[in-house]
Peer 1: 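Handing you a structure now.
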Amino acid sequence: MTKRRYRSQEWFDNPDFIDMTALYLERFMNYGITPEELRSGKPIIGIAQSGSDISPCNRIHLELAKRVRDGIRDAGGIPMEFPLHPIFENCRRPTAAIDRNLAYMGLVEILHGYPIDAVVLTTGCDKTTPAQLMAASTVDIPAIVLSGGPMLDGWLDGELVGSGTAIWKARRQLAAEEIDNEKFLQIATASAPSSGHCNTMGTASTMNAMAEALGMSLTGCSAIPAPYRERGQMAYATGRRIVELCEQDIRPSSILTREAFLDAIVVNAAIGGSTNAQQHIVAMARHAGVELRSEDWMEYGHDVPLLLNMQPSGKYLGERFHRAGGVPAVMWELEQAGKLRSNRPTVTGQTMAENLKGRETVDREMIWPFSAPLKEQAGFMVLKGNLFNFAIMKTSVISEEFRQRYLSRPGHENVFECRAIVFDGSGDYHDRINDPSLNIDENCILVIRGSGPIGWPGSAEVVNMQPPDALIKRGINALPTLGDGRQSGTSASPSILNASPESAVGGGLAYIRTGDTIRIDLNTGSCNMVVSDEELAKRKAEGIPAFPASQTPWQELYRSTVGQMEFGACMELAVEYRGVGHNIPRHNH
């Protein structure tokens with residue numbers, strides 16, 4: 001069989017443009033690579049380096065890349081490492097959400113404009129996974145995901161301390177005056193005991209699990225803790241495999257099918273995945289040219305049971321998940337129950353069904369049987385009404401206390417009405433949540449707006465608002481919350497969030513007022529403010545609430561291109577670009 005010509009050869013081995021070939025080769029010589037290497041016809045494999053000092057969750061990739069390089073070289077490829085725009089959820093202001101699309105766009109330009117034949121995508125922190133998979137679909141050269149892995153389990157005073165989840169719990173303890181500031185910080189730091197991303201099933205673990213469920217990483221990759229020796233071994237195997245993918249010309253477009261994305265929705269429900277998965281899965285699907293309907297979350301995901309006993313929906317953390325078999329063990333349960341469309345290709349070269357053979361867990365305390373799960377119907381509930389056209393509620397984190405207080409009224413089960421307390425952004429919330437004049441009690445719902453993709457900008461993790469201190473001291477640790485932003489994937493709050501359209505573009509949340517009644521019916525999937533048509537028309541005439549001006553050029557560009565969260569908060573102009581790597585860009589001189 002004739003060996004195919006790689007795109008990098010158009011740069012480095014093109015006798016029809018020998019002057020350009022000389023130009024492209026010349027500067028690579030300055031760090032010691034030879035022209036013979038670059039002109040050998042071996043594939044050049046990019047390593048999209050997401051690790052840096054300001055991306056601590058991904059910093060492990062600075063070390064893992066060495067093993068990736070070893071694997072690439074041993075398999076007959078030439079590695080070229082390059083930086084990815086950093087995305088760090090915990091530290092980036094005003095929110096890391098604006099940088100998912102920026103990192104996506106930067107990676108598209110690198111993969112399109114440089115002599116790269118295939119790429120290893122190094123993922124970890126929340127948005128590093130969707131950003132890179134979105135780009136891989138747009139360019140459509142062979143690609144594979146290498147997760148950095150979660151941190152080791154955190155421990156304090158003999159108890160498990162999960163990243164993020166421990167902070168939300170400690171925040172309530174601080175409000176109740178059960179702990180002081182120093183203890184609060186001690187709890188927070190105990191939850192991050194090693195290199196790696198969140199050790200809970202927050203957005204980071206969720207999105208790396210989604211990469212594996214989609215078939216874009218090697219089997220068992222996502223859950224290996226960052227410090228484990230198996231993580232370095234997986235990096236080596238990933239480096240070897242990407243060369244084979246390149247030689248076989250296996251591209252994301254052959255793997256990222258509608259069947260793969262429907263399986264991702266199912267797996268997300270079974271693991272108690274983050275609500276952030278909704279916008280990221282939709283964004284990845286759109287960039288892959290796959291239609292996901294908003295109804296698909298209910299049709300395919302809602303009736304899926306919770307199988308994984310991992311915080312915030314369960315008890316344990318990432319190390320035990322890995323030892324219990326990780327994502328393949330959960331998918332094995334779903335496969336046996338006929339919930340997957342597993343006769344589909346993956347980057348392993350085998351079908352997903354073949355990947356899952358023999359993957360049953362040996363730890364039934366961590367991964368429960370499909371026939372006897374932790375919870376039934378663990379998928380997202382999709383809601384709509386006069387407040388929004390689309391929002392979701394994570395049902396796997398509804399506590400028994402919350403269910404008894406709000407969802408168990410005889411004759412009106414799963415229906416509740418609350419008095420709205422409305423905040424315009426998180427600054428307003430923090431300033432006024434303890435204001436006694438608001439008369440906040442257990443019959444209230446906390447509403448936050450101005451926190452969507454355009455209003456913030458970038459959609460902020462602010463919807464998981466805690467009650468005022470006075471209620472927490474009375475033992476009321478959670479109120480219903482609603483907003484056009486997001487919440488941390490590590491949060492156990494059953495919020496109504498990702499509301500679209502957001503208030504900043506005239507969605508219904510723009511017109512709600514403190515004191516209004518909100519009626520939520522989970523039986524019909526409806527959420528409405530109880531306001532007359534005449535009053536609503538009057539409010540609309542008053543316009544939408546103000547939101548902050550852009551502070552940087554990128555914020556302005558982001559706002560001018562981004563869509564709503566129902567549709568993935570994509571750069572709308574970008575979703576039509578697919579397969580751009582199939583054609584070589586024109587010369588530069």
Side-chain angles (χ1 to χ4, degrees), residues 1-50 61 65-84 105-122 132-133 135-146 216 235-255 347 349 577-589:
M1 187 174 69
T2 304
K3 185 176 180 181
R4 77 184 186 91
R5 184 171 173 82
Y6 295 120
R7 70 194 301 269
S8 62
Q9 290 178 274
E10 296 299 317
W11 274 261
F12 298 137
D13 186 25
N14 192 342
D16 294 334
F17 292 90
I18 193 65
D19 56 338
M20 297 306 303
T21 295
L23 184 69
Y24 299 140
L25 282 169
E26 176 258 340
R27 204 52 56 93
F28 280 96
M29 302 305 101
N30 73 4
Y31 69 91
I33 199 167
T34 68
E36 289 76 20
E37 289 175 277
L38 296 179
R39 304 190 72 196
S40 66
K42 294 179 179 180
I44 293 179
I45 310 297
I47 303 171
Q49 178 56 266
S50 64
H61 283 298
K66 299 172 185 176
R67 293 298 288 144
V68 176
R69 284 175 172 271
D70 292 342
I72 291 170
R73 279 287 184 181
D74 286 355
I78 299 172
M80 283 195 177
E81 189 176 342
F82 58 85
L84 184 80
M105 186 168 60
L107 183 54
V108 167
E109 293 302 314
I110 292 169
L111 297 181
H112 176 251
Y114 284 88
I116 295 170
D117 299 308
V119 63
V120 176
L121 310 172
T122 66
Q132 293 179 77
L133 281 172
S137 286
T138 297
V139 182
D140 199 35
I141 60 174
I144 192 170
V145 167
L146 174 65
M216 286 299 296
Y236 177 78
T238 299
R240 291 192 63 94
R241 182 57 189 158
I242 189 59
V243 176
E244 297 167 350
L245 289 169
C246 189
E247 291 172 346
Q248 298 162 15
D249 199 22
I250 298 174
R251 303 175 185 238
S253 54
S254 67
I255 295 170
V347 295
Y577 287 85
R578 284 192 293 278
V580 301
H582 298 178
N583 298 310
I584 305 298
R586 61 186 179 271
H587 291 291
N588 59 21
H589 281 75

Peer 1: Please walk me through it: do Val145 and Gln132 pass side chain to side chain contact (heavy atoms under 4.5 Å, CB included)?
Peer 2: CA-CA 9 Å; Val145 167; Gln132 293 179 77; over 6 Å; no
Peer 1: For the residue pair Ile72 and Ile242, establish whether any side-chain heavy-atom pair is separated by less than 4.5 Å.
Peer 2: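 They are in contact (side-chain heavy atoms under 4.5 Å apart), so the answer is yes.
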Peer 1: Is it the case that more than 12 heavy atoms not belonging to Phe82 sit under 6.0 Å from its CZ atom?
Peer 2: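 Above 12, so yes.
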Peer 1: Do Arg4 and Cys246 come within less than 4.5 Å of each other through their side chains, counting heavy atoms only?
Peer 2: yes
Peer 1: In Å and rounded to the nearest 0.5 Å, what is the NE2 to CG distance from His112 to Asn583?
Peer 2: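 Here the interatomic distance stands at 7.5 Å.
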Peer 1: Would you call Asp70 and Arg67 a salt bridge, using N to O less than 4.0 angstrom?
Peer 2: yes
Peer 1: So Asp117 and Pro142, do their side chains get closer than 4.5 Å, heavy atoms only?
Peer 2: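 The answer is no, as the side chains (C-beta and beyond) never meet within the 4.5 Å cut-off.
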Peer 1: Backbone N or O of Leu84 within a donor-acceptor pair of the Ser50 side chain at under 3.5 Å?
Peer 2: no
Peer 1: For a quick test of reading the model, state the closest non-hydrogen atom pair linking Gln248 to Ile250 and the distance between them.
Peer 2: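 Here Gln248 and Ile250 meet closest at OE1-CD1, 3.1 Å.
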Peer 1: Which value, rounded to the nearest 0.5 Å, describes the distance between Leu111 atom CG and Ile141 atom CD1?
Peer 2: 4.5 Å
Peer 1: Closest approach of Glu10 and Arg5, non-hydrogen atoms and distance?
Peer 2: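 Shortest heavy-atom separation between Glu10 and Arg5 comes out as OE2-NE, 2.8 Å.
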Peer 1: If you define the side chain from C-beta out and look only at heavy atoms, does anything of Lys42 sit under 4.5 Å from Glu37?
Peer 2: no
Peer 1: Would you check, one step at a time, whether the test side chain to side chain contact (heavy atoms under 4.5 Å, CB included) holds for Ile44 with Tyr114?
Peer 2: CA-CA 10 Å; Ile44 293 179; Tyr114 284 88; over 6 Å; no
Peer 1: What are the two closest heavy atoms between Leu121 and Ala143, and how far apart are they?
Peer 2: CD1-CB, 4.3 Å
Peer 1: Once you round to the nearest 0.5 Å, how far does CD1 of Ile584 lie from CG of Asn14?
Peer 2: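 So the CD1 of Ile584 and the CG of Asn14 are separated by 10.0 Å.
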Peer 1: Sub-3.5 Å donor-acceptor pair from the side chain of Asp140 to the main-chain atoms of Ser253, do we have one?
Peer 2: yes
Peer 1: Whether the side chain of Arg7 engages the backbone of Ile116 through a donor-acceptor N/O pair (distance < 3.5 Å, no angle test) should be reported.
Peer 2: yes
Peer 1: Side chains of Val119 and Val139: does their closest heavy-atom pair fall under 4.5 Å?
Peer 2: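 Val119 vs Val139: side chains apart.
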Peer 1: What closest approach, in Å, do Gly113 and Trp11 show between heavy atoms, and which atom pair accounts for it?
Peer 2: O-CZ2, 3.5 Å
Peer 1: Out of curiosity, Phe12 CZ to Ile78 CD1, how far, rounded to the nearest 0.5 Å?
Peer 2: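 Here the interatomic distance stands at 8.5 Å.
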Peer 1: Could you pull out the closest heavy-atom pair between Val120 and Ile45, with the gap in Å?
Peer 2: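 Scanning both residues completely, I find the closest heavy atoms to be CG2-CG2, 4.3 Å.
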Peer 1: Do the non-hydrogen side-chain atoms of Leu23 and His587 ever get within less than 4.5 Å of each other?
Peer 2: no
Peer 1: With side chains defined as the heavy atoms from C-beta onward, is the minimum distance between Pro79 and Arg73 less than 4.5 Å?
Peer 2: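 When only atoms from C-beta onward are counted, Arg73 and Pro79 do touch, with a gap below 4.5 Å.
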Peer 1: In terms of side-chain heavy atoms, does Asp74 have a donor or acceptor partner in Tyr236 at a distance below 3.5 Å?
Peer 2: yes
Peer 1: Taking Thr122 for the side chain and Leu146 for the main chain, is one N or O donor matched with an acceptor at less than 3.5 Å?
Peer 2: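 Absent.
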Peer 1: I need the minimum non-hydrogen distance between Arg69 and Ile47, along with the two atoms involved.
Peer 2: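 Looking at all heavy atoms of both residues, the closest pair is CG-CD1, 3.8 Å.
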Peer 1: Is Phe28 close to Met80 at the side-chain level, that is, under 4.5 Å between some pair of heavy atoms?
Peer 2: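 Side-chain contact under 4.5 Å: yes.
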